[in-house]
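One structure below.
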Amino acid sequence: MIAYLERVSIPEPNNNEDDNVSLLRNSLEDLQLQGSIDYGPTGSASKDFGGMQITKPLAVIRPAGAEDIAKVIKLASRLPNLTVAARGNGHSINGQAMADRGLVIDMKSMESYNKIEVRRHPPCADVGGGALWADVLKRSVPFGLAPRSWTDYLDLTVGGTLSNAGVSGQAFRYGPQTENVTELEVVTGKGEIVTCTRNENSQLFFSVLGGLGQFGIITRARVLLQPSPQMVRWIRVVYSEFSEFTRDAELLVSQEESGESFDYVEGFVFVNSDDPVNGWASVPLDPNHPFDPAGIPTSAGPVLYCLELVLHHRENDRPSSVNLVVDRLLGQLRFCKKLRFEVDLKYVEFLSRVKVAEQQAKANGIWDAPHPWLNLFVSKRDIADFDRLVFNTILQHGIGGPILVYPLLRSKSVYHMLMSQANQGFILIAVTS
């Protein structure tokens, strides 16, 4: 993901550029970093997941820890117009993890610094900013613990998602990942290493969380953990009417504060056709339970809607007991009754589901294609118009990728201060190809 400082373009090359590069190299060597500096072919540092830009940095810094990063930032602060980008796993969309003729800091290279220390009391993990969430999961589950809030895709760095938000289907219950961290170590734009919490250096703490790297680079974080579920019941139910889809999504996320609800609520929009990528085939969870279009009402429009739900349960729970809870919760919803899909999975398998999709995309040669991505917060007041104009008009034929819908509560998010028009909640729309 992304973290970057001062997106300022370096002037076009001139006759003195070689001299300037030589001076920069000398200055970097004088820092005597514990890590390494790569001036050769920059490979992956020249592109990102978005795939819409290709740039060439002057050097890739592979720091050993926060002190190396601080030295580099101090140097950059003295050199006008030098861009520095902190790169996690390169999942920025529009070049934010890149630096054209600047410096890219490879956060994943801090292997010893990115170690993950799990504590039982209180349940939390101290994690390096360049560590992957997938590794946090692997490290914490043997302790019977796991982070409370996730992203759908786990091969993202901790510092990267905390610099954005970190949203998935658990966000309605626990808030985004930015709401589930209690302490940060940050390298500021002045090259200072600062520890901050909600009460200590709080202005920096809240600025860095979701700050897109504009206020500093996260080098360590203390992440809240909870008892890890063993199993999940993974469910998808289909709607033909957007009003019923949003009504049920709102009902489920609101129930969390008053009683029994699902542990994960997310949705997506798909095309009402046999399109193998954008259509009916994107819904079933079990190959032995295909999508039957006979279950679609004749009044349905060009797109349909799916709620994706998860209920945590224990490995030794009787299926009949799990069925009772699921049926009770689903009984209050207005989905198309013949279009219900469900499977039981281990908790780690469910969280790793997008990794499986990634492996399939790489095998098909489409993973390295450009991935434009758009995130929008839409208030409840405007969501019906958004459905009519965007989902059912502009995107009625799909986009070759997911159209995700995250129902969120203002009270669970740092964004509540920005969402004054959203009475009880708002919806995050994520569109990618």
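Heavy-atom basis, side chains included; hydrogens, waters and symmetry copies ignored.
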| field | Cation-pi, Phe335 ring and Lys337 (6.0 angstrom, 45 degrees) | value | yes
| message | Could you walk me through whether Asp292 and Lys338 satisfy the salt bridge (Lys or Arg N to Asp or Glu O under 4.0 Å) test, starting with their C-alpha distance in whole Å, then the side-chain angles of each, then the deciding distance to 0.1 Å, before giving a yes or no? | response | CA-CA 8 Å; Asp292 183 2; Lys338 295 182 180 180; over 6 Å; no
| Under the 3.5 angstrom rule, does the side chain of Asp106 hit a backbone N or O of Lys108 as a donor-acceptor pair? | yes
| Check against side chain to side chain donor-acceptor pair (under 3.5 Å), Asn89 and Thr157 | CA-CA 6 Å; Asn89 212 17; Thr157 59; over 6 Å; no
Tell me if the [atom1] atom of [X] is crowded by more than 12 foreign heavy atoms within 6.0 Å.
X: Glu200; atom1: CD; value: yes
X: Lys71; atom1: NZ; value: yes
X: His289; atom1: NE2; value: yes
X: Gln203; atom1: CD; value: no

| query | Shortest non-hydrogen contact from Gln34 to Glu67? | reply |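 That would be NE2-OE1, 4.1 Å.
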Do [Y] and [X] meet the salt-bridge criterion of a basic N to acidic O distance under 4.0 Å?
X: Arg353; Y: Asp152; result: yes
X: Glu342; Y: Arg233; result: yes
X: Arg220; Y: Glu183; result: no
X: Glu179; Y: Arg148; result: no
X: Asp263; Y: Arg173; result: yes

Can you tell me if [X] and [Y] form a side-chain donor-acceptor pair at under 3.5 Å?
X: Asp155; Y: Trp133; value: no
X: Gln255; Y: Gln332; value: yes
X: Ser379; Y: Asp382; value: yes

| said: Which label fits Phe386 and Phe391: parallel for a plane angle under 30°, tilted from 30 to 60°, or perpendicular past 60°? | reply: perpendicular
| said: Would you call the rings of Tyr264 and Phe350 parallel, tilted or perpendicular, taking 30° and 60° as the class edges? | reply: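 If you compare the ring of Tyr264 with that of Phe350, the planes turn out perpendicular.
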| Taking the six-membered ring for Trp, is the centroid-to-centroid distance between His312 and Phe262 below 6.0 Å? |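 Between Phe262 and His312, which both carry aromatic rings, the centre distance is not below 6.0 Å.
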| Can you check whether Tyr305 and Tyr239 have ring centres sitting under 6.0 Å from each other? |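 Centroid distance Tyr305-Tyr239: not below 6.0 Å, so no.
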| request: Would you mind reporting whether Pro290 and Trp280 have side-chain heavy atoms less than 4.5 Å apart? | output: no
| said: Does any part of the side chain of Trp234, heavy atoms only, come nearer than 4.5 Å to the side chain of Leu309, both counted from C-beta? | reply: no
| Test side chain to side chain donor-acceptor pair (under 3.5 Å) applied to Tyr113 and Asp68, step by step | CA-CA 11 Å; Tyr113 204 82; Asp68 279 358; over 6 Å; no
| Worked verdict on Arg334 versus Asp248 for salt bridge (Lys or Arg N to Asp or Glu O under 4.0 Å) | CA-CA 7 Å; Arg334 301 175 182 176; Asp248 285 356; 5.0 Å; no
| said: Could you measure the distance from the CD1 atom of Ile73 to the CD1 atom of Ile217? Nearest 0.5 Å is fine. | reply: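 Answer rounded to 0.5 Å: 4.0 Å.
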| Working for side chain to side chain donor-acceptor pair (under 3.5 Å), residues Thr219 and Glu185 | CA-CA 6 Å; Thr219 51; Glu185 179 187 82; 2.6 Å; yes
| field | side chain to side chain donor-acceptor pair (under 3.5 Å) evaluation trace for Tyr347 with Glu349 | value | CA-CA 5 Å; Tyr347 181 64; Glu349 286 183 273; over 6 Å; no
